[in-house]
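Each remark here refers to the structure printed beneath this line.
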2 protein chains.
Amino acid sequence: MDNGDASKGRRIQAVEISCELLTALERFNSAGVSELAAELGRSKATVHSHLATLLDQEFVVKQGTEYALSLRFVELGEHAKSGVDIHDIAGEEVPRVARETGEVAQFMVEEHGKGVYLHKARGENAIQTSSYVGSRMQLHCTALGKAILSQFSRERIRAIIDETGLPRHTSNTITNSEALFAELETVRERNVAFDEEEVVKGLRCVAAPVTAGDRAAAISVSGPTSRFKGDRFHETLPELIRDAANVIEVNAVQV
Amino acid sequence: MDNGDASKGRRIQAVEISCELLTALERFNSAGVSELAAELGRSKATVHSHLATLLDQEFVVKQGTEYALSLRFVELGEHAKSGVDIHDIAGEEVPRVARETGEVAQFMVEEHGKGVYLHKARGENAIQTSSYVGSRMQLHCTALGKAILSQFSRERIRAIIDETGLPRHTSNTITNSEALFAELETVRERNVAFDEEEVVKGLRCVAAPVTAGDRAAAISVSGPTSRFKGDRFHETLPELIRDAANVIEVNAVQV
DNA sequence: GCGTCCGTTCGCCTCTCGCGAATAGTTAAG
DNA sequence: CTTAACTATTCGCGAGAGGCGAACGGACGC
């Protein structure tokens with residue numbers, strides 16, 4: 001029973017402050033000492049010495065009087081990605097799905113109870129979506145997320161719901177945990193998850209779970225309701241995306 | 001006179017430890033408490049509480065008994081990249097250069113006295129190179145680096161050399177600062193920098209400075225000596241890469 | 001069973017580091 | 001040019017944070 005988080009043990013306050021600082025810099029893109037001090041509810045002196053340390057460590061850059069995230073994070077991010085064993089394989093499959101469907105194809109893995117987009121490719125007719133590589137999303141409201149949740153035990157899902165809740169995005173969002181469990185059951189049966197305008201009105205999505213490697217993952221196609229309906233939505237695309245998931249799983253074995 | 005780093009002021013030891021921890025995790029991909037404690041020369045207890053904090057903050061993941069960098073860094077990395085104003089423009093130009101030449105094209109910006117690769121595209125005949133998006137390189141030994149250094153004042157270059165040195169990679173590496181200054185003078189005159197097997201034997205490279213936006217940058221083509229010689233190396237490619245740099249600069253103005 | 005490795009926890013004691021206040025710079029307005 | 005209102009930066013103090021050694025508890029491998 002090694003629970004992921006929530007264990008006891010000591011926490012280092014100074015590290016917490018620096019982490020919050022980096023997170024704030026992510027929101028601001030670039031900010032000065034006073035601005036950040038106000039944001040964190042800390043003294044300017046404290047923020048200043050933290051920034052000086054992060055600058056020394058090259059985790060932050062300083063242009064004039066403003067601080068910003070350093071490109072060091074690009075390097076760390078690449079390493080983190082390469083730690084996901086099926087990352088490269090999915091990287092071949094996602095553009096293929098995008099090309100064949102002409103829509104947006106994406107790949108997501110679970111981390112800390114949230115979904116992280118790791119690949120995104122746009123086909124010929126692809127619409128604009130707000131997700132980007134690295135962005136995080138709750139799992140209950142997307143097809144990708146539901147395809148991931150379907151791989152977990154009831155207790156694990158319960159824990160995730162308790163931590164993050166089931167906030168509503170549109171009138172179709174599932175906000176009731178029993179309804180979610182019921183839907184996940186059908187996902188398991190059909191091996192496909194759907195998003196019928198549960199995040200954004202007019203946007204539908206089909207996703208299949210990818211059960212390979214050490215993390216829960218999923219692959220999807222997204223598009224407008226105008227093209228995502230009838231047989232294409234209920235038969236053609238599910239089959240296509242299940243195949244894509246299968247290709248990833250099969251290739252993963254050989255690694 | 002706001003010097004980039006090296007200023008006085010207090011440093012937070014706990015933050016330094018966590019930064020070193022993250023850097024160690026980058027090297028190891030994944031590691032346990034004891035391993036990391038040994039690596040940093042710290043007690044297991046200390047490392048443990050730092051990891052617990054970083055886990056809480058979701059900067060690190062724990063699988064079983066091993067810790068690894070979280071995908072959070074992918075998100076932070078994307079934000080850091082988007083902070084480089086010419087990033088997207090260069091992202092269009094690099095693949096074009098790769099396609100037109102059939103070789104490897106790359107884009108680099110300076111940060112903390114080092115060069116960071118931000119784009120890499122491979123043409124039809126592209127060879128394998130060890131660089132990847134996010135990887136860092138000293139500036140004295142690559143064409144990209146020299147194209148970047150050519151944009152700096154003598155004092156700034158002096159400071160960078162003093163900090164990082166001029167380590168040798170091949171018999172062609174410039175390891176003498178006067179020779180470097182002389183070479184940079186010709187780079188400024190011709191607006192192109194060359195790498196004649198100064199990093200890897202058999203690998204040549206042509207780069208042009210990109211002076212737009214808030215950071216020094218450069219764009220390049222790389223290939224084998226067998227194809228990088230004669231007029232192509234000394235005339236055709238320099239002209240092509242200067243044009244590409246120019247396109248980025250012109251497009252940057254419109255932003 | 002024992003020995004050895006691991007991760008985790010505990011308590012002590014020091015020196016870190018968060019804070020408020022004072023000091024510099026820097027820009028803007030009068 | 002002066003004053004005012006911002007900044008970033010530095011200083012000194014004192015509480016409590018946090019680094020450490022040691023003890024503990026679980027997991028393997030003999």
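We name chains A, B, ... by the order of the sequence lines, and we start the count at 1 in each one. The model shown is predicted, which means the values in this text are computed figures rather than measured ones.
Look at CD on B:E16: it is 14 Å from C1' on D:dG18, rounded to the nearest Å. Whole-Å rounding puts the A:L51 CG to D:dT7 C1' distance at 14 Å. As a whole-Å value, the separation of A:Q13 CD from D:dA15 P is 16 Å. If you take CZ of A:R11 and P of D:dG19, they are 14 Å apart, rounded to a whole angstrom. The CG atom of B:L40 sits 10 Å away from the P atom of D:dC20 (whole-angstrom rounding). Between B:E66 atom CD and C:dC5 atom C1' there is a gap of 14 Å when expressed in whole angstrom units. For A:L36 and D:dT7, the CG to C1' distance is 13 Å, given to the nearest whole Å. Atom CD1 in A:I12 sits about 12 Å away from atom C1' in D:dC20, given to the nearest Å.
Here A:T46 does not reach the OP1 or OP2 of C:dG18: none of its side-chain N or O atoms lies under 4.0 Å away. For the OP1/OP2 pair of D:dA8 and a distance below 4.0 Å, the side-chain nitrogens and oxygens of A:S34 include at least one atom meeting the criterion. Here A:H48 does not reach the OP1 or OP2 of D:dT7: none of its side-chain N or O atoms lies under 4.0 Å away. Taking only side-chain nitrogens and oxygens, A:Y67 never comes nearer than 4.0 Å to OP1 or OP2 of D:dT7.
When each of A:K44 and A:A14 is assigned the nucleotide of DNA chain C with its nearest heavy atom, A:A14 is the one assigned upstream, toward the 5' end. Positionally, the nearest nucleotide of DNA chain C for B:S49 lies more toward the 5' end than for the other of A:V15 and B:S49.
Taking only distance into account, the side chain of B:R10 meets the base of C:dG18 through a donor-acceptor pair shorter than 3.5 Å. Contact annotation: side chain of A:R42 to base of C:dG20, donor-acceptor pair absent below 3.5 Å.
When only modelled atom types and interatomic distance are considered, A:T211 and A:E249 share a side-chain donor-acceptor pair under 3.5 Å.
Below 30°, between 30° and 60°, or above 60°: for B:Y132 and A:H79 the angle between ring planes is above 60°, a perpendicular geometry.
Nearest nucleotide to the A:V33 side chain, out of D:dA8, C:dG18, D:dG19: D:dA8. Ranking D:dT7, C:dG7, D:dT10 by closeness to the A:A45 side chain, first place goes to D:dT10.
Salt-bridge formation is detected for the pair B:E185/B:R188: a Lys NZ or Arg NE/NH1/NH2 atom is positioned less than 4.0 Å from an Asp or Glu carboxylate oxygen.
Considering only heavy atoms from C-beta on, B:V84 comes within 4.5 Å of A:L71 through its side chain. A 4.5 Å side-chain heavy-atom check between B:L51 and B:L36 finds at least one atom pair inside the cut-off.
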